[in-house]
Amino acid sequence: MAEFGNYIQEVFPAVFSSKFIQHEIVGKYSHLFTVQGSDPGLLPYMLLAHMDVVPAPPEGWDFPPFSAAEHEGFIYGRGTLDNKNSAIGILQALEFLLRRNYRPRRSFYVGIGHDEEVFGRKGAMTMAALLEARGVKLSFLLDEGSAILHGVVAGVEKPVAVIAITEKGSITLNFTVEKEPGHSSFPPRESSIGILAAAMARLEQNPLPSLFGHGPELLTMEHLASEFRFPLNLIMSNLWLFSPIVSRVLAWKPPTNALIRTTTAVTMFNAGIKLNVIPSSAKATVNFRIHSAETAAEVLEAVRNTVADNRVKIDIVEAFDPLPVSPWDDQTFGVHIFQRTILDIFPDVDSVVPGTCIGNTDSRHFTNVTKAIYRFNPLLLKSDDLPRIHGLNERISVESYEKQVEFLFQLIQNCDIQRLPEPHANSHEL
Ligand SMILES: CCCCCCCC/C=C\CCCCCCCC(=O)NCC(=O)O
Ligand SMILES: [Zn+2]
Ligand SMILES: [Zn+2]
């Protein structure tokens with residue numbers, strides 16, 4: 001982490017030597033930049049990213065996950081999509097602007113967290129507390145969490161920019177079964193492993209119900225309606241009638257299933273120490289991502305009812321409710337800026353629609369400094385790209401990275417325009 005700090009100082013000299021940029025190290029390794037605009041009357045905004053990554057076992061990768069190998073126009077490596085692309089992309093865009101002697105009118109903050117993948121407690125939380133203590137109010141905050149999607153939603157053929165206006169809640173539970181250990185030659189009828197495995201199977205086989213129509217996914221589908229061909233466009237425009245069918249279609253694929261319900265993911269399972277010893281305990285961890293219309297307490301209650309076995313002890317690792325919904329209308333400065341900048345840099349994007357971030361981001365710690373939190377990575381993602389995030393062969397194309405830098409370069413300048421002209425393509429809707 002410290003080395004990364006040295007690296008950015010070396011490769012972005014204009015950022016680190018600018019008279020109007022203050023750089024602070026927060027929570028030991030995170031970076032907070034305050035870019036002082038020339039007009040102090042304008043409300044500042046914030047660009048957020050993170051430098052930490054999830055682990056990457058080398059097996060199964062075409063190129064070593066920490067090599068940044070370039071092959072056929074793609075850079076392979078853990079973090080290329082989540083979220084070194086934003087961390088480096090923001091600084092790269094700022095460096096380019098400074099080298100052209102650009103002085104922003106509107107102040108802004110750049111936050112690069114170092115512990116997003118472990119809840120952002122030291123990085124993002126401390127940066128947010130610092131801003132709050134300084135009395136900062138942001139006009140908007142932009143973080144990772146959604147993208148330009150192409151071929152991800154069944155029936156939508158053109159690329160659509162989905163800007164997440166909220167993110168799901170989360171509850172992680174540890175499940176433990178304790179039993180008397182002993183010799184495997186005279187085993188008990190049920191082992192701790194068998195009891196726990198059965199409980200996990202019940203959780204997987206009884207997913208939480210679809211809540212389609214009770215959260216912001218309804219808004220997403222309404223905004224996407226015109227992207228579907230006949231008769232799907234009619235169906236999407238009349239969700240009051242067709243929502244049960246739409247809900248079933250969305251449930252087919254994991255990324256859209258995640259939009260309509262609280263998801264259940266068994267992520268860790270441990271038991272046993274030797275082949276001829278009955279294990280004394282078995283442990284599992286399950287991560288639930290909570291739909292906007294549900295709370296962590298409700299999910300816990302539903303889980304207890306499904307497990308329905310007192311021998312399975314349940315402990316909460318972490319829990320938080322879904323995040324508030326940010327404004328989505330063309331009077332909102334950030335929304336206007338995103339729409340305009342997407343039109344400038346991605347002319348093939350057919351619609352800009354509000355969505356839900358199905359994962360969690362550092363932005364959730366900033367609710368006290370702004371109500372306008374948006375999660376959007378200016379990257380084109382196809383269905384085949386989604387499993388690479390936290391998975392194998394994570395990669396970004398050189399072209400996509402360049403586009404990301406262009407988007408940020410343009411966004412910073414668009415934020416300084418006194419009165420943004422009307423967007424030039426009226427097929428794009430908000
Ligand atoms: C009509 C919209 C369909 C939505 C389909 C899903 C689109 C997926 C787009 C982007 C990928 C989501 C990544 C979420 C970012 C999460 C960052 C992260 O890893 N945080 C930690 C965590 O959540 O555990
Ligand atoms: Zn991330
Ligand atoms: Zn991640």
Side-chain angles (χ1 to χ4, degrees), residues 4-5 7-26 30-51 83-112 127 131 134 136-144 161 163 332-347 349 369-370 372 374 376-379 398-424:
F4 183 82
Y7 171 75
I8 56 175
Q9 292 215 18
E10 206 181 291
V11 295
F12 302 120
V15 172
F16 282 86
S17 62
S18 168
K19 290 198 172 56
F20 52 84
I21 300 180
Q22 186 200 357
H23 170 241
E24 293 164 272
I25 292 186
V26 176
S30 289
H31 298 268
L32 177 63
F33 299 86
T34 305
V35 182
Q36 208 65 59
S38 57
D39 185 346
L42 300 174
L43 211 54
Y45 61 97
M46 183 162 195
L47 304 174
L48 202 56
H50 68 89
M51 63 166 114
N83 184 240
K84 292 284 202 300
N85 54 319
S86 301
I88 297 291
I90 295 168
L91 294 175
Q92 181 96 70
L94 185 53
E95 177 80 12
F96 282 154
L97 284 167
L98 296 171
R99 287 190 196 180
R100 285 164 172 73
N101 293 319
Y102 187 82
R103 168 84 197 257
R105 283 181 61 230
R106 187 181 292 271
S107 297
F108 63 97
Y109 297 88
V110 174
I112 299 182
M127 287 195 271
L131 295 187
R134 290 174 186 168
V136 172
K137 288 285 172 207
L138 300 172
S139 62
F140 71 86
L141 182 148
L142 180 64
D143 195 2
E144 64 168 343
I163 298 182
T332 300
F333 179 67
V335 172
H336 203 64
I337 292 291
F338 304 143
Q339 189 200 27
R340 176 59 203 263
T341 314
I342 289 166
L343 284 168
D344 289 340
I345 307 299
F346 298 97
V349 165
V369 286
T370 181
Y374 301 92
F376 174 70
N377 234 324
L379 286 179
V398 173
E399 192 191 343
S400 284
Y401 176 66
E402 281 175 4
K403 284 283 214 183
Q404 173 145 24
V405 176
E406 270 181 57
F407 176 91
L408 294 158
F409 182 83
Q410 190 62 41
L411 179 137
I412 294 169
Q413 294 175 86
N414 284 348
C415 285
D416 288 339
I417 297 174
Q418 301 264 16
R419 238 184 86 96
L420 283 171
E422 287 306 307
H424 42 258

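- Note that CD1 of I412 is 8.5 Å distant from CG of D416, once rounded to the nearest 0.5 Å.
- Across all their heavy atoms, L48 and D143 have their closest contact at O-OD1, 3.2 Å.
- Scored by the salt bridge (Lys or Arg N to Asp or Glu O under 4.0 Å) test, R134 finds E24 as partners (sequence neighbours excluded).
- With sequence neighbours left out, the side chain to side chain donor-acceptor pair (under 3.5 Å) criterion links Q404 to N85, S86, N377.
- Under the ring pair (Phe, Tyr, Trp, His ring centres under 6.0 Å) criterion, Y45 pairs with F108, F140, not counting sequence neighbours.
- F16 is linked by a ring pair (Phe, Tyr, Trp, His ring centres under 6.0 Å) to H23, F33, counting only residues two or more places apart in sequence or in another chain.
- One distance of note links CG of L131 with CG of L141; it measures 9.0 Å at 0.5 Å rounding.
- Remark: R106 is positioned above the aromatic ring of F333, its terminal NZ or CZ atom under 6.0 angstrom from the ring centre and at most 45 degrees off the axis.
- A 4.5 Å side-chain heavy-atom check between M51 and I8 finds every atom pair outside the cut-off.
- Every residue two or more places apart in sequence or in another chain was checked for a salt bridge (Lys or Arg N to Asp or Glu O under 4.0 Å) with E406, and none qualifies.
- Within the model, atoms SG of C415 and CG of L47 stand 7.5 Å from one another, a figure rounded to the nearest 0.5 Å.
- Between I25 and H31 the shortest side-chain heavy-atom distance falls below 4.5 Å.
- Residues passing the side chain to side chain contact (heavy atoms under 4.5 Å, CB included) test with T341, sequence neighbours excluded: I337, I345, F407, Q410, L411, N414.
- Annotation: side chain of V349 is not in contact with side chain of Q339 (no heavy-atom distance under 4.5 Å).
- Applying the 6.0 Å contact sphere to CD of Q9 captures more than 12 heavy atoms from other residues, nucleotides or ligands.
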Walk me through it: do I112 and I90 pass the test side chain to side chain contact (heavy atoms under 4.5 Å, CB included)?
-> CA-CA 10 Å; I112 299 182; I90 295 168; 5.7 Å; no
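- Partners of V11 under the side chain to side chain contact (heavy atoms under 4.5 Å, CB included) rule, at least two apart in sequence or in another chain, are Y7.
- In terms of heavy atoms, G111 sits closest to M127 at CA-SD, 3.8 Å.
- Residues satisfying the side chain to side chain donor-acceptor pair (under 3.5 Å) test with T34, not counting sequence neighbours, are none.
- Under a 3.5 Å cut-off, the side chain of N83 and the backbone N or O of A49 do not form any donor-acceptor pair.
- The salt bridge (Lys or Arg N to Asp or Glu O under 4.0 Å) search around D39 returns R105, not counting sequence neighbours.
- When every heavy atom of V15 is checked against every heavy atom of L91, the shortest pair comes out as CG2-O, 3.9 Å.
- In this structure, F338 has its ring center closer than 6.0 angstrom to the ring center of Y374.
- Remark: Y109 engages no residue in a side chain to side chain donor-acceptor pair (under 3.5 Å) (not counting sequence neighbours).
- Heavy-atom minimum distance, P40 versus S38: CD-O, 3.4 Å.
- Every residue meeting the side chain to side chain contact (heavy atoms under 4.5 Å, CB included) condition with F20, not counting sequence neighbours, appears here in chain and number order: S18, V35, Q36, L98, R103, P104.
- Residue pairs meeting the salt bridge (Lys or Arg N to Asp or Glu O under 4.0 Å) criterion with at least one member in residues 83-96, sequence neighbours excluded, are E95-R99.
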